[in-house]
Amino acid sequence: MQRLSADPTPLPGVLRVQRHPVGDARGALARLFCRDTLAAAGWHWPVAQVNHTVTRARGTVRGLHFQRSPAAEAKLVHCLQGAVWDVVVDLRPGSPTHLQWHAELLSADNGCALLIPPGCAHGFQTQEDDVHMLYVHSAAHAPAHEGGLHPLDARLAIAWPLPVQHLSPRDQTHPPLPATGPALLGDFS
Ligand SMILES: Cc1cn([C@H]2C[C@H](O)[C@@H](COP(=O)(O)OP(=O)(O)O[C@H]3O[C@H](C)C(=O)[C@H](O)[C@H]3O)O2)c(=O)[nH]c1=O
(Lines give C-alpha, C1' and ligand atoms only; values in the text may rest on other atoms or scores of the structure.)
Protein backbone atom coordinates (compact mmCIF):
# COMPACT_ATOMS: atom_id res chain seq x y z
CA MET A 1 0.00 0.00 0.00
CA GLN A 2 1.38 3.44 -0.98
CA ARG A 3 1.84 5.71 2.03
CA LEU A 4 0.16 8.51 0.03
CA SER A 5 -2.48 8.38 -2.70
CA ALA A 6 -3.94 11.19 -4.79
CA ASP A 7 -7.30 11.72 -6.44
CA PRO A 8 -8.58 14.54 -8.64
CA THR A 9 -11.01 17.22 -7.53
CA PRO A 10 -13.30 19.35 -9.69
CA LEU A 11 -10.45 21.90 -10.07
CA PRO A 12 -7.81 20.73 -12.60
CA GLY A 13 -4.50 19.94 -10.88
CA VAL A 14 -5.94 20.30 -7.36
CA LEU A 15 -5.63 16.87 -5.80
CA ARG A 16 -7.03 15.26 -2.68
CA VAL A 17 -4.07 13.48 -1.11
CA GLN A 18 -4.76 10.68 1.36
CA ARG A 19 -2.29 9.64 4.05
CA HIS A 20 -2.12 5.88 4.66
CA PRO A 21 -0.32 5.55 8.01
CA VAL A 22 1.45 2.38 9.06
CA GLY A 23 0.38 1.32 12.53
CA ASP A 24 1.91 -1.00 15.05
CA ALA A 25 1.67 -1.65 18.78
CA ARG A 26 3.60 1.60 19.49
CA GLY A 27 1.41 3.85 17.35
CA ALA A 28 1.74 4.87 13.69
CA LEU A 29 3.97 6.41 11.02
CA ALA A 30 2.51 8.65 8.31
CA ARG A 31 4.32 10.00 5.26
CA LEU A 32 3.70 13.69 4.57
CA PHE A 33 5.69 14.07 1.36
CA CYS A 34 6.97 11.49 -1.13
CA ARG A 35 8.91 12.63 -4.17
CA ASP A 36 8.11 9.61 -6.31
CA THR A 37 4.43 9.17 -5.42
CA LEU A 38 3.67 12.87 -5.76
CA ALA A 39 5.68 13.21 -8.99
CA ALA A 40 3.42 10.56 -10.48
CA ALA A 41 0.47 12.63 -9.23
CA GLY A 42 1.82 15.87 -10.73
CA TRP A 43 4.14 17.49 -8.18
CA HIS A 44 6.99 18.62 -10.47
CA TRP A 45 8.36 21.39 -8.28
CA PRO A 46 11.15 21.70 -5.72
CA VAL A 47 10.47 21.87 -2.00
CA ALA A 48 11.51 25.34 -0.88
CA GLN A 49 9.87 25.69 2.52
CA VAL A 50 7.87 23.72 5.08
CA ASN A 51 5.65 25.73 7.42
CA HIS A 52 3.68 24.84 10.54
CA THR A 53 0.81 27.02 11.75
CA VAL A 54 -1.08 26.81 15.01
CA THR A 55 -4.54 28.36 15.15
CA ARG A 56 -6.15 28.61 18.57
CA ALA A 57 -9.82 29.37 18.06
CA ARG A 58 -12.54 27.41 16.24
CA GLY A 59 -14.04 29.44 13.41
CA THR A 60 -10.82 31.30 12.55
CA VAL A 61 -10.18 31.84 8.84
CA ARG A 62 -6.67 32.20 7.45
CA GLY A 63 -6.41 33.32 3.80
CA LEU A 64 -7.21 33.33 1.03
CA HIS A 65 -3.62 33.75 -0.15
CA PHE A 66 -1.54 33.19 -3.28
CA GLN A 67 1.85 34.18 -4.68
CA ARG A 68 2.48 35.50 -8.20
CA SER A 69 5.44 34.85 -10.45
CA PRO A 70 8.35 34.71 -9.96
CA ALA A 71 7.23 33.29 -6.59
CA ALA A 72 4.12 31.42 -7.75
CA GLU A 73 3.95 28.32 -5.59
CA ALA A 74 2.50 24.87 -5.30
CA LYS A 75 1.47 23.75 -1.80
CA LEU A 76 0.75 20.48 -0.09
CA VAL A 77 -1.40 21.22 2.95
CA HIS A 78 -1.86 18.77 5.84
CA CYS A 79 -3.90 19.09 9.04
CA LEU A 80 -2.01 17.34 11.82
CA GLN A 81 -4.20 18.33 14.79
CA GLY A 82 -7.89 19.17 14.78
CA ALA A 83 -9.87 19.81 11.61
CA VAL A 84 -10.23 22.53 8.99
CA TRP A 85 -12.53 23.26 6.11
CA ASP A 86 -9.91 23.89 3.45
CA VAL A 87 -10.72 26.03 0.41
CA VAL A 88 -8.98 26.45 -2.93
CA VAL A 89 -9.96 29.10 -5.50
CA ASP A 90 -8.86 28.72 -9.12
CA LEU A 91 -7.29 32.01 -10.29
CA ARG A 92 -5.65 30.65 -13.43
CA PRO A 93 -6.51 32.80 -16.46
CA GLY A 94 -8.30 30.70 -19.05
CA SER A 95 -8.92 27.80 -16.67
CA PRO A 96 -12.32 26.11 -17.26
CA THR A 97 -12.89 26.48 -13.51
CA HIS A 98 -11.62 30.09 -13.25
CA LEU A 99 -12.91 31.65 -10.01
CA GLN A 100 -14.56 28.42 -8.93
CA TRP A 101 -13.78 27.15 -5.43
CA HIS A 102 -13.51 23.68 -3.98
CA ALA A 103 -13.37 22.67 -0.33
CA GLU A 104 -12.34 19.56 1.56
CA LEU A 105 -12.46 18.71 5.24
CA LEU A 106 -8.85 18.08 6.31
CA SER A 107 -8.30 16.60 9.76
CA ALA A 108 -5.80 14.65 11.81
CA ASP A 109 -8.37 11.87 11.91
CA ASN A 110 -9.25 11.60 8.21
CA GLY A 111 -5.64 11.91 6.96
CA CYS A 112 -6.71 14.02 3.99
CA ALA A 113 -4.44 16.71 2.52
CA LEU A 114 -4.69 18.97 -0.53
CA LEU A 115 -2.14 19.44 -3.32
CA ILE A 116 -2.62 22.96 -4.69
CA PRO A 117 -0.87 24.02 -7.93
CA PRO A 118 0.35 27.53 -8.70
CA GLY A 119 -2.42 29.92 -9.67
CA CYS A 120 -4.78 28.99 -6.87
CA ALA A 121 -5.65 30.90 -3.70
CA HIS A 122 -5.78 28.91 -0.47
CA GLY A 123 -7.47 29.42 2.84
CA PHE A 124 -9.13 27.46 5.62
CA GLN A 125 -11.51 27.75 8.53
CA THR A 126 -10.75 25.87 11.73
CA GLN A 127 -13.55 23.56 12.86
CA GLU A 128 -12.00 22.93 16.27
CA ASP A 129 -9.77 24.83 18.70
CA ASP A 130 -5.97 24.34 18.61
CA VAL A 131 -5.48 23.32 14.98
CA HIS A 132 -2.03 22.50 13.61
CA MET A 133 -1.38 22.76 9.86
CA LEU A 134 1.72 21.73 7.93
CA TYR A 135 2.49 23.18 4.50
CA VAL A 136 5.03 22.05 1.92
CA HIS A 137 5.79 25.02 -0.36
CA SER A 138 7.50 24.87 -3.77
CA ALA A 139 8.65 28.52 -3.50
CA ALA A 140 9.96 30.70 -0.71
CA HIS A 141 7.70 33.18 1.05
CA ALA A 142 7.73 36.35 -1.05
CA PRO A 143 5.65 39.14 0.50
CA ALA A 144 6.30 41.41 -2.50
CA HIS A 145 4.61 38.83 -4.72
CA GLU A 146 1.73 37.88 -2.38
CA GLY A 147 -1.92 38.50 -3.11
CA GLY A 148 -5.15 37.72 -1.31
CA LEU A 149 -8.90 37.34 -1.66
CA HIS A 150 -11.37 38.34 1.04
CA PRO A 151 -12.93 35.22 2.57
CA LEU A 152 -16.36 36.82 2.30
CA ASP A 153 -15.94 38.04 -1.27
CA ALA A 154 -19.46 38.24 -2.73
CA ARG A 155 -18.41 36.86 -6.10
CA LEU A 156 -16.95 33.71 -4.54
CA ALA A 157 -19.81 33.15 -2.06
CA ILE A 158 -17.76 30.58 -0.16
CA ALA A 159 -20.08 28.58 2.12
CA TRP A 160 -17.95 28.63 5.29
CA PRO A 161 -19.43 26.13 7.80
CA LEU A 162 -19.10 28.53 10.75
CA PRO A 163 -19.30 32.32 11.10
CA VAL A 164 -16.01 33.75 9.81
CA GLN A 165 -13.93 35.01 12.74
CA HIS A 166 -10.48 36.18 13.78
CA LEU A 167 -9.34 37.43 10.38
CA SER A 168 -5.89 39.00 10.41
CA PRO A 169 -5.82 42.75 9.71
CA ARG A 170 -4.38 41.92 6.28
CA ASP A 171 -7.13 39.42 5.47
CA GLN A 172 -9.78 41.97 6.42
CA THR A 173 -8.54 44.35 3.71
CA HIS A 174 -8.16 42.24 0.55
CA PRO A 175 -9.86 44.07 -2.35
CA PRO A 176 -13.03 42.54 -3.85
CA LEU A 177 -13.00 40.61 -7.10
CA PRO A 178 -14.53 42.32 -10.14
CA ALA A 179 -18.29 41.71 -10.16
CA THR A 180 -18.15 40.20 -13.65
CA GLY A 181 -15.57 38.97 -16.10
CA PRO A 182 -12.23 37.25 -15.45
CA ALA A 183 -10.09 38.21 -12.47
CA LEU A 184 -6.62 39.03 -13.81
CA LEU A 185 -4.67 38.80 -10.59
CA GLY A 186 -1.26 38.11 -11.99
CA ASP A 187 1.01 35.70 -13.80
CA PHE A 188 1.40 32.28 -12.21
CA SER A 189 3.64 30.60 -14.77
C1 LIG B 1 3.42 32.41 4.93
C2 LIG B 1 4.59 32.93 5.74
C3 LIG B 1 4.43 33.93 6.67
N4 LIG B 1 5.52 34.37 7.39
C5 LIG B 1 5.32 35.40 8.39
C6 LIG B 1 4.62 36.66 7.90
C7 LIG B 1 3.87 37.12 9.13
O8 LIG B 1 4.73 37.89 9.95
C9 LIG B 1 3.54 35.83 9.87
C10 LIG B 1 2.13 35.37 9.62
O11 LIG B 1 1.96 35.37 8.21
P12 LIG B 1 0.50 35.30 7.60
O13 LIG B 1 -0.42 36.18 8.38
O14 LIG B 1 0.63 35.52 6.11
O15 LIG B 1 0.14 33.78 7.92
P16 LIG B 1 -1.14 33.03 7.34
O17 LIG B 1 -2.33 33.93 7.34
O18 LIG B 1 -1.21 31.75 8.06
O19 LIG B 1 -0.73 32.77 5.83
C20 LIG B 1 -0.74 31.45 5.31
O21 LIG B 1 -2.06 31.05 5.30
C22 LIG B 1 -2.67 30.71 4.06
C23 LIG B 1 -3.85 29.85 4.40
C24 LIG B 1 -1.74 30.06 3.10
O25 LIG B 1 -2.12 29.20 2.31
C26 LIG B 1 -0.35 30.52 3.03
O27 LIG B 1 0.52 29.41 3.12
C28 LIG B 1 0.04 31.53 4.02
O29 LIG B 1 -0.20 32.76 3.40
O30 LIG B 1 4.47 34.85 9.39
C31 LIG B 1 6.77 33.84 7.21
O32 LIG B 1 7.74 34.25 7.88
N33 LIG B 1 6.95 32.86 6.29
C34 LIG B 1 5.92 32.39 5.55
O35 LIG B 1 6.13 31.48 4.71
Side-chain angles (χ1 to χ4, degrees), residues 9 11 13-17 32-33 38 42-43 45-92 95 97 99-108 110 112-153 156 158-175 177 183 185-188:
T9 70
L11 304 183
V14 177
L15 302 179
R16 187 183 188 282
V17 175
L32 302 182
F33 187 87
L38 293 176
W43 180 284
W45 302 281
V47 173
Q49 244 179 251
V50 177
N51 287 348
H52 169 218
T53 65
V54 180
T55 305
R56 291 193 184 85
R58 179 174 179 261
T60 301
V61 170
R62 290 182 184 253
L64 297 139
H65 304 154
F66 59 93
Q67 292 192 167
R68 303 176 175 89
S69 297
E73 60 177 343
K75 296 173 193 167
L76 178 63
V77 180
H78 289 277
C79 178
L80 299 182
Q81 179 172 304
V84 300
W85 202 66
D86 205 75
V87 178
V88 182
V89 180
D90 188 351
L91 301 177
R92 294 165 292 190
S95 168
T97 54
L99 291 189
Q100 291 184 30
W101 59 270
H102 176 71
E104 294 280 349
L105 183 73
L106 310 185
S107 74
N110 73 8
C112 177
L114 271 179
L115 189 159
I116 304 164
C120 292
H122 173 252
F124 64 82
Q125 182 179 49
T126 56
Q127 302 300 297
E128 299 177 15
D129 292 337
D130 300 323
V131 167
H132 289 232
M133 300 294 289
L134 182 135
Y135 300 78
V136 180
H137 294 263
S138 70
H141 183 225
H145 302 286
E146 265 193 316
L149 306 176
H150 196 291
L152 296 175
D153 191 287
L156 297 175
I158 296 170
W160 301 103
L162 301 168
V164 171
Q165 300 179 66
H166 311 300
L167 291 180
S168 69
R170 177 166 75 103
D171 288 343
Q172 292 175 36
T173 57
H174 296 307
L177 288 167
L185 295 175
D187 172 26
F188 303 109

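Atoms within a ligand are numbered from 1 in the order they appear, just like the ligands themselves.
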Tell me which protein heavy atom sits closest to atom 17 (O) of ligand 1, plus the residue, atom name and distance to 0.1 Å. His65 CE1, 3.2 Å
Could you tell me whether atom 30 (O) of ligand 1 has a protein heavy atom closer than 4.0 Å? no
Please report whether the ring centroid of Trp85 lies less than 6.0 Å from that of Trp101. yes
Any heavy-atom pair between the side chains of Cys120 and Leu11 that's under 4.5 Å? no
Evaluate whether atom CZ of Arg56 has more than 12 neighbouring non-hydrogen atoms of other residues, nucleotides or ligands under 6.0 angstrom away. no
Using 30° and 60° as the class boundaries, would you call the ring planes of His122 and Phe124 parallel, tilted or perpendicular? tilted
Atom 26 (C) of ligand 1: which protein heavy atom is closest, and how many Å away? Lys75 NZ, 3.7 Å
Geometry only, no angles: is Thr53 polar-contacting ligand 1 at N/O separations under 3.5 Å? no
Can you give me the closest heavy-atom contact between Ser138 and Ala72, atom names plus distance? OG-O, 4.4 Å
Any idea which protein heavy atom is nearest atom 33 (N) of ligand 1, and the distance to it? His141 ND1, 3.3 Å
Looking only at protein heavy atoms, which one is nearest to atom 25 (O) of ligand 1, and what is the separation? His122 ND1, 2.7 Å
For atom 4 (N) of ligand 1, state whether the nearest protein heavy atom is under 4.0 Å away. yes
Protein non-hydrogen atoms only, distance under 4.0 Å: does atom 20 (C) of ligand 1 have such a neighbour? yes
Ligand 1 to Arg62 polar contact by distance, N or O atoms, under 3.5 Å: yes
Flag side-chain contact, heavy atom, 4.5 Å: Glu146 against Phe66: no
Determine if the distance from atom 23 (C) of ligand 1 to the closest protein heavy atom is below 4.0 Å. yes
Just to check, does His137 reach to within less than 4.0 Å of ligand 1 when the distance is taken from its heavy atoms? yes
Leu167 side chain near His150 side chain, heavy-atom distance below 4.5 Å: yes
Counting heavy atoms under 4.0 Å, the part of Asn51 that contacts ligand 1 is side chain
For the pair Asp171 and His65, evaluate side-chain hydrogen bond (donor to acceptor under 3.5 Å, both in side chains) and give the outcome as yes or no after the intermediate values. CA-CA 9 Å; Asp171 288 343; His65 304 154; 2.5 Å; yes
Answer yes or no: is there a side-chain heavy-atom contact under 4.5 Å between Glu73 and Pro118? no
Quick one: nearest non-hydrogen protein atom to atom 14 (O) of ligand 1, plus distance? Arg170 NH2, 2.8 Å
